[in-house]
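These notes are about the structure you will find just below.
Within every chain, numbering begins at 1; the chains are lettered A, B, ... in the order of the sequence lines, protein sequences first and strands thereafter.
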Amino acid sequence: MKIQFTHPWILSPAEAIAVQQALRPRLTLTDQLGTVQRVAGVDVGFEAAGTVTRAAIAVLGFPELDLLETAIARRSTTFPYIPGLLSFRELPAALEALERLRAPPDLLVCDGQGIAHPRQFGIACHLGLLTDLPAIGVAKTRLCGTHEEPPDQRGAWTPLWLKGEPVGAVLRTRPGVKPLYVSPGHRISLTSAIAYVMACCTRYRLPETTRHAHRLASG
DNA sequence: GCGACAG
DNA sequence: ATCTTGTCGC
């Protein structure tokens with residue numbers, strides 16, 4: 001698939017924050033999805049003590065979740081991990097992997113936050129904007145915001161509040177496990193994001209799915 | 001000023 | 001991200 005646009009990735013932290021602030025007004029935070037038939041899980045890992053970033057994409061048919069296509073890319077890491085600036089370390093490899101897909105997915109599920117972010121521009125927002133695809137952020141731990149513990153029941157969720165706004169959901173995908181942090185990235189509402197994440201967690205929790213994607217994409 | 005801090 | 005230790009439920 002084709003990436004819509006990009007920008008420099010060798011930046012200072014202050015310049016990276018300026019990029020986030022410039023791009024944030026371009027987000028669409030309402031539903032703007034067509035028929036969802038292809039969902040892409042986007043995960044990134046590291047090799048060689050963090051000097052090499054490895055991105056793996058698994059495209060699944062929806063709602064059956066059958067594996068349709070995978071792609072992988074490796075890049076030398078050009079930006080350190082700084083909370084709030086994760087996308088500047090991970091996206092160059094993820095974009096390269098996405099470019100290798102034969103057809104664009106209908107929805108991106110990204111490892112990390114969407115608008116549940118100090119400047120409301122997490123990695124799912126950033127990737128959604130550069131591809132102009134609907135994108136959801138699914139994180140395993142909290143970056144910012146406050147919330148109550150969701151009930152221990154599949155599908156239960158509580159709002160994640162940031163500056164008086166509900167920016168995400170703390171979602172119990174299965175009883176007895178830690179909840180996931182779901183937030184919209186681009187072209188999707190919070191309620192739709194929750195529904196799609198639950199529909200993608202019928203067989204596995206997302207961390208298991210993304211780990212599986214890494215193995216499949218690695219061969 | 002101090003603590004918190006996706007991966 | 002990754003690693004280690006302690007606790008609990010099956």
Tabulate atom names and distances for all N/O pairs under 3.5 angstrom spanning the protein and nucleotides 8-10 of chain C.
none

Using atom names, set out every protein N or O paired with an N or O of nucleotides 1-7 of chain B below 3.5 Å, distance rounded to 0.1 Å.
unit_1: B:dC5; atom_1: OP1; unit_2: A:R142; atom_2: NH2; d: 2.9
unit_1: B:dA6; atom_1: OP2; unit_2: A:Y81; atom_2: OH; d: 2.5
unit_1: B:dA6; atom_1: N7; unit_2: A:G84; atom_2: N; d: 3.1
unit_1: B:dA6; atom_1: N6; unit_2: A:G84; atom_2: O; d: 3.1
unit_1: B:dA6; atom_1: N6; unit_2: A:L85; atom_2: N; d: 3.3
unit_1: B:dA6; atom_1: N6; unit_2: A:L86; atom_2: N; d: 3.2
unit_1: B:dA6; atom_1: N6; unit_2: A:H117; atom_2: NE2; d: 3.3
unit_1: B:dA6; atom_1: N1; unit_2: A:I123; atom_2: N; d: 3.2
unit_1: B:dA6; atom_1: N3; unit_2: A:Q113; atom_2: N; d: 3.0
unit_1: B:dG7; atom_1: OP1; unit_2: A:K140; atom_2: N; d: 2.8
unit_1: B:dG7; atom_1: OP2; unit_2: A:T141; atom_2: OG1; d: 2.8

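At a cut-off of 3.5 Å, with distance as the only test, a side-chain donor of A:T77 or A:T53 sits close to an acceptor on the other residue.
Applying the ring pair (Phe, Tyr, Trp, His ring centres under 6.0 Å) test to pairs two or more places apart or on separate chains, those with a residue in residues 148-183 of chain A are A:H147-A:Y181. A ring pair (Phe, Tyr, Trp, His ring centres under 6.0 Å) check over residues 96-120 of chain A, counting only residues at least two apart or in different chains, returns nothing.
Residues A:V182 and A:L143 fall into different hydrophobic clusters, defined by Ile, Leu, Val, Met, Phe, Trp and Tyr side chains chained together at heavy-atom separations under 4.5 Å.
A donor-acceptor pair under 3.5 Å links the side-chain atoms of A:E69 to the main chain of A:R102, judged by distance alone. Using modelled atom types, one side-chain atom of A:S183 and one backbone atom of A:G114 make a donor-acceptor pair closer than 3.5 Å. Here the side chain of A:R24 pairs no donor or acceptor atom with the backbone of A:L27 at under 3.5 angstrom. Proximity of a side-chain donor or acceptor of A:T131 to a complementary backbone N or O of A:L127 within less than 3.5 Å is detected.
Looking at A:R75 and A:E96, a side-chain N of the basic residue comes within less than 4.0 Å of a carboxylate O on the acidic one, giving a salt bridge.
The environment of CD in A:Q21 is crowded: more than 12 heavy-atom neighbours from other residues, nucleotides or ligands sit within 6.0 Å.
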Fill in the dot-bracket string of DNA chain B, one character per base: . for unpaired, | for a pair to another strand, ( ) or [ ] for pairs within the strand, taking Watson-Crick or G-U pairs under 3.5 Å. .......
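Put simply, the residue from A:V197, A:V39, A:L190 that forms a side-chain contact (heavy atoms from CB on, under 4.5 Å) with A:I136 is A:V197.
Closest non-hydrogen pair, A:A71 versus A:L101, comes out as CB-CD2, 3.9 Å.
Taking a pair as Watson-Crick or G-U with both hydrogen-bonding distances under 3.5 Å, no stem of three or more pairs touches DNA chain C.
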